[in-house]
Amino acid sequence: MSKFEIKMPKLGESITEGTIISWSVKVGDTINEDDVLFEVNTAKVSAEIPSPVAGKILEILFKEGDTVAVGTVVAVVQLEGEEGDSEETTPDPAPEKKEEPAAPKAEEKTAPVSAPAAAPREPTVNAPATKNSGDRWYSPVVLEKAREAKINKDELDAITGTGYEGRLSKRDIEIYIENKKKGITASEVKPKSAVAEKPATASHSQTQDAPKPVVPVSVVDGDTVIAMDPIRKIIADRMTSSKKTSPHVTNVIEVDVTKLVKWREENKEAFKKREGISLTYMPAIVEATAKALKDYPRVNSSVDGYNIIEKKRINVGVAVSLNDGNLIVPVVKDADKLSISGIAASVSTLANKARANKLMPDEIQGGTFTITNFGSFKSLFGTPIINQPEVAILGVGIIEKKPSIVETPEGDVIAIRHKMYLSLSYDHRVIDGMLGGNFLYRIAEYLENWNA
């Protein structure tokens with residue numbers, strides 16, 4: 001029987017490492033395909049990692065709490081029930097071979113983590129159902145669809161997979177078959193990323209030490225030393241990195257949201273009955289922001305060296321405070337295309353999933369602009385730190401009743417109005433005061449003239 005290496009999966013485009021929260025197996029356990037092996041926290045999202053193979057746990061290489069780079073082997077499984085299997089990284093399939101698998105040479109093609117070890121034979125797709133095709137793993141349903149569409153092995157191997165560790169999913173093969181009918185080949189489909197990533201070989205804990213304070217910190221009797229949890233470490237590193245990366249400038253504006261407050265009061269009960277969720281101010285703020293981003297696309301961008309990349313999609317992240325005191329930013333995708341009800345539903349669902357620790361990695365990826373609500377904590381305004389690789393972030397303050405001078409045909413009068421402050425922190429490398437000020441004022445105009 002041969003061995004199979006379980007590697008730290010890549011659960012998002014920008015994810016480079018993950019922290020093992022808990023193991024669900026121990027050495028000697030017999031596992032089935034899709035049994036949960038371990039839970040990993042990566043980019044502030046926890047995910048259970050299933051086994052792509054059946055067998056027996058031979059080795060567990062990292063303990064709970066270790067932070068491990070993507071692509072690093074974390075466990076070894078002794079395969080069962082696959083006649084003729086060979087070791088994933090060793091061309092000699094002999095079962096009596098007991099030394100550790102040799103590292104692959106640079107020019108060798110190795111199987112993805114989700115693939116069982118390659119069989120010495122090279123079955124065609126038209127052969128009886130099998131989970132192996134050369135050195136790439138395919139599920140029976142994928143093979144069946146390929147067989148029905150008369151797709152041979154070489155053609156199947158050329159299709160880009162979007163599943164776990166590059167696995168070809170049912171949806172991938174369905175899309176490919178649809179494209180093929182339209183005359184689009186696999187070579188014409190652009191992969192998600194054109195930049196090949198270097199395989200990671202070491203854990204974060206082995207390669208990086210905790211940052212040392214500029215000023216030495218003394219600990220005396222009575223002080224409590226609290227180790228940061230994985231999420232707090234990520235927040236600390238990213239906030240520090242953002243301040244080093246982007247020269248931050250912050251503008252603040254006061255907004256009269258009396259019309260918005262009145263609209264919400266008039267509609268919140270009917271909305272709750274119709275949609276099943278409470279109507280807050282955040283959906284309106286997201287909608288106004290999305291409109292302003294369409295008006296000023298430069299704010300909806302990222303910086304790559306000396307290139308400015310204006311994003312086509314408007315994906316608005318909304319910061320959510322968690323019960324453990326940490327923070328996470330789920331993303332409302334294509335916010336500019338959603339109705340106010342759609343935005344409200346998306347914000348509510350994402351916030352609830354965040355607090356229940358049920359967010360999927362994709363739900364915190366791909367943001368192009370972020371909103372954080374200081375008003376939830378009765379703050380007037382704040383100066384938020386940019387969520388990289390975005391170039392701006394909006395801070396929302398508390399709504400308060402204030403006496404205000406209002407112009408009328410009969411002259412100026414003092415009236416009670418609902419006011420709040422908006423603050424915009426932006427990257428001065430690409431956004432100057434004029435653009436930042438105009439963008440912030442445009443959001444204010446949409447809110448002051450609210451008419452949903």
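Source: prediction; values computed, not measured. By convention here, the first residue in the shown sequence is residue 1.
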- Task: Show the numbers, then the answer: is there a salt bridge (Lys or Arg N to Asp or Glu O under 4.0 Å) between Lys272 and Glu275?
- Result: CA-CA 5 Å; Lys272 178 67 178 279; Glu275 305 294 338; over 6 Å; no
- Message: Apply side-chain hydrogen bond (donor to acceptor under 3.5 Å, both in side chains) to residues Asp432 and Tyr426 and explain how you reach the verdict.
- Response: CA-CA 8 Å; Asp432 295 323; Tyr426 51 90; over 6 Å; no
[X] with [Y]: basic N within carboxylate O range, under 4.0 Å:
| X | Y | result |
| --- | --- | --- |
| Glu363 | Lys353 | yes |
| Lys333 | Asp362 | yes |
| Asp157 | Lys153 | yes |
| Lys181 | Glu178 | no |
| Lys63 | Asp66 | yes |
| Lys273 | Glu269 | no |

- Query: Looking at Leu327 and Ala319, what are the two nearest heavy atoms and their distance?
  - Reply: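 Scanning both residues, the minimum pair turns out to be CD1-CB, 4.1 Å.
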- Query: Which pair of non-hydrogen atoms, one from Phe38 and one from Pro9, has the smallest distance, and what is that distance?
  - Reply: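 That would be CZ-CD, 4.2 Å.
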- Compare all side-chain heavy atoms of Val255 with those of Tyr441 and state whether any distance is below 4.5 angstrom.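 Result no, sub-4.5 Å side-chain heavy-atom pair not found.
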- Expected output: side-chain Thr349 to main-chain Ser346 donor-acceptor under 3.5 Å: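 No: the side chain of Thr349 does not pair with the backbone of Ser346.
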Check whether the side chains of [X] and [Y] place a donor and an acceptor atom closer than 3.5 Å, and report yes or no.
| X | Y | answer |
| --- | --- | --- |
| Arg355 | Asn323 | no |
| Ser376 | Asn373 | yes |
| Ser24 | Glu39 | no |
| Gln388 | Ser242 | yes |
| Ser404 | Lys419 | yes |
| Tyr446 | Asp295 | yes |
| Thr19 | Asn41 | no |
| Asn326 | Asp324 | yes |
| Ser425 | Thr383 | no |

- Message: Under the criterion side-chain contact (heavy atoms from CB on, under 4.5 Å), I'd like the reasoning laid out for Val73 against Met8: C-alpha separation, chi angles, the key distance, then a yes or no.
- Response: CA-CA 6 Å; Val73 177; Met8 177 61 72; over 6 Å; no
- Task: Check the pair Val331 / Val316 against side-chain contact (heavy atoms from CB on, under 4.5 Å), numbers first and verdict last.
- Result: CA-CA 6 Å; Val331 179; Val316 179; over 6 Å; no
- Task: Taking the six-membered ring for Trp and the full ring for Phe, Tyr or His, determine whether the centres of Phe439 and Phe369 are under 6.0 Å apart.
- Result: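 Yes, the ring centres sit under 6.0 Å apart.
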- Query: When you look at Thr368 and Glu390, which way does the side-chain hydrogen bond (donor to acceptor under 3.5 Å, both in side chains) test go after all the steps?
  - Reply: CA-CA 6 Å; Thr368 61; Glu390 299 163 15; over 6 Å; no
- Message: For the residue pair Arg264 and Tyr281, would you count it as a cation-pi contact if the rule is NZ or CZ under 6.0 angstrom from the ring centre and within 45 degrees of the ring axis?
- Response: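 Arg264 over Tyr281 ring: yes.
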